[in-house]
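I have placed the structure first, in the form of structure tokens, so that the comments after it can refer back to it.
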Amino acid sequence: MKSNFSPSIETQQEALKIAKATQKPGQTKEQTKLIAQGIEKGIVQYKKQHKEKTRQAGKAKKKAKKVKLVELDTKIQPNNENIQISVLQTKSPLIISWALLILSWIGFISYIAQL
């Protein structure tokens with residue numbers, strides 16, 4: 001099974017360098033070339049796997065960030081409800097204060113009117 005992907009010149013040179021470094025005495029140039037091709041395939045496969053792992057890690061990081069944002073959004077919403085409840089609770093004493101003020105003025109005016 002041949003792939004359409006051809007290794008870069010740097011990969012070919014690196015593979016040939018490794019093949020020559022591990023060359024045994026009496027090994028022919030053809031054998032060294034075959035070894036270099038095998039090393040090239042290994043390097044290409046490693047790079048593909050590394051690229052895929054990096055891609056998967058990026059996706060996982062993006063997904064984790066999205067989940068974290070949803071969690072933060074969920075945490076913020078109950079706080080808004082608490083704020084609304086506290087606003088309603090502060091309106092009650094305000095209404096009572098105004099009602100008492102109006103009643104006291106009505107009482108004062110009626111007292112003055114009787115004199």
Side-chain angles (χ1 to χ4, degrees):
M1 183 171 144
K2 273 210 157 181
S3 66
N4 295 339
F5 182 76
S6 64
S8 67
I9 295 172
E10 293 85 17
T11 303
Q12 291 173 351
Q13 290 173 350
E14 186 179 347
L16 189 59
K17 183 179 172 183
I18 293 169
K20 285 183 179 180
T22 58
Q23 190 173 11
K24 303 278 184 196
Q27 185 173 315
T28 65
K29 286 185 179 182
E30 294 298 322
Q31 291 172 330
T32 305
K33 195 173 183 180
L34 287 172
I35 291 170
Q37 288 175 348
I39 293 171
E40 274 179 38
K41 287 181 183 180
I43 291 171
V44 168
Q45 185 178 5
Y46 171 80
K47 285 182 179 180
K48 283 182 183 179
Q49 288 174 347
H50 182 70
K51 188 176 180 180
E52 182 62 29
K53 283 181 185 177
T54 305
R55 186 179 298 125
Q56 293 298 330
K59 286 181 181 179
K61 188 176 180 182
K62 196 174 188 180
K63 188 175 183 179
K65 188 176 181 180
K66 198 173 195 178
V67 168
K68 190 174 181 180
L69 285 175
V70 169
E71 287 176 358
L72 285 175
D73 217 17
T74 306
K75 286 180 183 179
I76 290 172
Q77 288 175 352
N79 290 341
N80 290 341
E81 291 171 4
N82 290 340
I83 291 169
Q84 290 173 353
I85 290 170
S86 65
V87 167
L88 289 176
Q89 289 173 349
T90 54
K91 283 185 178 180
S92 298
L94 188 63
I95 292 171
I96 293 171
S97 301
W98 278 103
L100 288 174
L101 180 66
I102 292 170
L103 284 174
S104 64
W105 275 100
I106 291 172
F108 178 71
I109 291 171
S110 64
Y111 174 74
I112 297 287
Q114 287 180 358
L115 291 176

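Residue pairs meeting the salt bridge (Lys or Arg N to Asp or Glu O under 4.0 Å) criterion with at least one member in residues 51-64, sequence neighbours excluded, are E52-R55. Applying the side-chain hydrogen bond (donor to acceptor under 3.5 Å, both in side chains) definition to pairs two or more places apart or across chains, those involving residues 12-24 are Q23-T32.
Taking the side chain to side chain contact (heavy atoms under 4.5 Å, CB included) definition, one finds that S104 meets it with L101, sequence neighbours left out. Here I112 pairs with F108 under the side chain to side chain contact (heavy atoms under 4.5 Å, CB included) rule; sequence neighbours left out. Under the salt bridge (charged side-chain N to carboxylate O under 4.0 Å, His left out) criterion, E10 pairs with no residue, sequence neighbours left out.
By the 4.5 Å side-chain criterion applied to Ile, Leu, Val, Met, Phe, Trp and Tyr, I39 is assigned to a cluster that also includes I18, I35, I43.
Shown here is E30, whose CD atom has no more than 12 heavy atoms of other residues, nucleotides or ligands within 6.0 Å. Counting non-hydrogen atoms of other residues, nucleotides and ligands closer than 6.0 Å to CG of L103 gives a total above 12.
Cluster annotation: I102 and I109 are assigned to distinct hydrophobic clusters (Ile/Leu/Val/Met/Phe/Trp/Tyr, side-chain heavy-atom contacts under 4.5 Å, transitive).
Q31 places a side-chain N or O within donor-acceptor distance of the main-chain N or O of T28, the cut-off being under 3.5 Å.
Residues A36 and A15 come closest through the heavy atom pair O-CB, 3.4 Å.
A donor and an acceptor atom, one from each side chain of T11 and K47, are located under 3.5 Å apart.
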